[in-house]
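To keep things clear, I will list the structure first and then write my remarks on it.
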Amino acid sequence: MTRYFEPKYRTILDAEDGELEALKAQSAQDEWKPSFHIHPQYGLLNDPNGLAWFKGKYHVFYQWYPYGAYHGMKHWAHVSSKDLAHFDRHDTAITPVEDYESHGAYSGASLQVGDELYLYYTGNVKYGAEARDAHQCLAIMNENGEIRKYEHNPLIKSVPKGYTGHVRDPKVFEKNGQYYMLLGAQRDDQTGAIIVYRSPDALNWTFLGELTVDIDLAGYMWECPDYFEVDGKDFLIFSPQGIEPEGENYHNVFNTIYAAGTLSIEGLSFRVDEYHELDKGFDFYAPQSFDADGKRLLYGWAGVGEVEFPTDKNKWAHCLTLPRELVRKGNRLLQRPAEALELLKGSSVAEGELSSGSAGIDLAGFKAWRAKLKIEQATDLQLEMFVSENEKFTITYDRAAKKVITDRSGMVHVTEPQYGATREVTLTENLFNLDIIVDHSIAEIFINDGEAAFTCRVFPLTEDKQLKVTSDMDIYYEIHEMNRGIDE
Ligand code: FRU
């Protein structure tokens, strides 16, 4: 059978002479390339994949299409770090050249088995513009970082009865001496689900059935399931497509949910105690978590869907979020920037106390910085970032409503305006701190030691920029530069 072909289904092995070098040179000079967020040298990045702490290093893989800022043939790119702050780039980890992955090596997770890191992924196969099949596959990384595809791929051929070709994103974990694989799936009736496989050896898999998750939010597809325990509580994360906005929640084209509850894997059920939207910002999707030294860390894709960005013209798009540590508070997950980010702390920019009124802090020329604010007493607060004559990004705290509102409508480059330019969250207690981390074209905003996080892509103009703080009570602020963590 001839392969379904479109020009975007080309691997890096098909590059013409000098083509990749030209892409790299063009992307490298873009003014919005991050300096410490993991991003592609060129082409499009999407989901984090295969996250692991393995043999003394953090390994982060991500979905990557080399040839431009759009979704095409997906590879797995690879970076690693000894300290979770400074990353090295490696050769492409998975290049989809086999028939069982003819239209991309899609997302998946990793698991250490013996001295090797098993990288589970989905081989995406298309038969036409719409018709597709999915195979679950394995690549294996040894202690020296060499990666090979498993010789008996695919591990799971095609999809079980009752589901469409949209079955993908394996998450594998061990429980009670067995291995389990969760997969995002779409039922034949076009609703989303999670299905489960079991294996005695992490290689041979049997279909068990569908996981019952008592959440009333079907959508048409559930992507990227993740499961883990924090402090004895089970958490399930997944990224449903096709759910409607509800109050402050789910305002992006696709959204991510976490549920706290109890997993009975053999009983095929996840009993939900509570569920919440994971990130309240504009650009967040398909996160994955992993365990490192007893800490639960998470990366998300700081992007969602198919968005047009001002960086497209320079042939690169998207980055990952910073690594976040997940801390349990009852049925909630707090998300905090990983402590390792302190290793990137650069010189101090400003430090001071503001006792009601406004302060304007000059950040002209600073593209990578972190601002920590301590709020001593409950106060209304307004914070304007990237302030120039032409633009600003506003964060407002409304004390009476306990609401934080982020507003990017004042920016010149507003992406996805059809989904609205504000996002908000109601806090459980008054605002007491803010941690804002800015890296060229991304701002991550953490509130009250991680009670809420907003991931926002921003494309500020290259002009004099101020950070303006207005408050009616005492606040303390500390701003420093952030150093480079990843090379171009
Ligand atoms: C989520 C997703 C996954 C899929 C991957 C393909 O963003 O659609 O479900 O594996 O991206 O790049």
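Order of appearance sets the numbers: ligands from 1, and atoms from 1 within every ligand. Heavy-atom basis, side chains included; hydrogens, waters and symmetry copies ignored. Model, not experiment: these values are computed from the prediction.
Relative ring orientation between Tyr299 and Phe87 is described as perpendicular, the plane-to-plane angle rising above 60° on a 0-90° scale split at 30° and 60°.
Between the side chain of Asp30 and the main chain of Ser27, no donor-acceptor pair closer than 3.5 Å is present.
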Identify all pairs of nitrogen or oxygen atoms, one from ligand 1 and one from the protein, separated by less than 3.5 Å, and list them with distances.
{"unit_1": "ligand 1", "atom_1": "7 (O)", "unit_2": "Asp47", "atom_2": "OD1", "d": "2.8"}
{"unit_1": "ligand 1", "atom_1": "7 (O)", "unit_2": "Asp47", "atom_2": "OD2", "d": "3.4"}
{"unit_1": "ligand 1", "atom_1": "8 (O)", "unit_2": "Glu223", "atom_2": "OE1", "d": "3.3"}
{"unit_1": "ligand 1", "atom_1": "8 (O)", "unit_2": "Glu223", "atom_2": "OE2", "d": "2.8"}
{"unit_1": "ligand 1", "atom_1": "9 (O)", "unit_2": "Arg168", "atom_2": "NE", "d": "2.8"}
{"unit_1": "ligand 1", "atom_1": "9 (O)", "unit_2": "Asp169", "atom_2": "OD1", "d": "3.4"}
{"unit_1": "ligand 1", "atom_1": "9 (O)", "unit_2": "Asp169", "atom_2": "OD2", "d": "2.7"}
{"unit_1": "ligand 1", "atom_1": "9 (O)", "unit_2": "Glu223", "atom_2": "OE2", "d": "2.9"}
{"unit_1": "ligand 1", "atom_1": "10 (O)", "unit_2": "Ser107", "atom_2": "N", "d": "3.1"}
{"unit_1": "ligand 1", "atom_1": "10 (O)", "unit_2": "Asp169", "atom_2": "OD1", "d": "2.5"}
{"unit_1": "ligand 1", "atom_1": "11 (O)", "unit_2": "Asn46", "atom_2": "ND2", "d": "3.2"}
{"unit_1": "ligand 1", "atom_1": "11 (O)", "unit_2": "Asp47", "atom_2": "OD2", "d": "3.2"}
{"unit_1": "ligand 1", "atom_1": "12 (O)", "unit_2": "Asn46", "atom_2": "ND2", "d": "3.0"}
{"unit_1": "ligand 1", "atom_1": "12 (O)", "unit_2": "Gln63", "atom_2": "OE1", "d": "2.7"}
{"unit_1": "ligand 1", "atom_1": "12 (O)", "unit_2": "Lys74", "atom_2": "NZ", "d": "3.1"}

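Side-chain contact check for His318 versus Thr311: every heavy-atom pair is 4.5 Å or farther apart.
Screening residues 2-36 for ring pair (Phe, Tyr, Trp, His ring centres under 6.0 Å) gives Tyr4-His103, Tyr9-His103, Trp32-His413, Trp32-Phe459 as the qualifying pairs, with residues at least two apart or on separate chains.
Checked against the 6.0 Å centroid threshold, His166 and Tyr220 do not count as a close aromatic pair.
With salt bridges taken as basic N to acidic carboxylate O contacts below 4.0 Å, none links Asp88 and Lys57.
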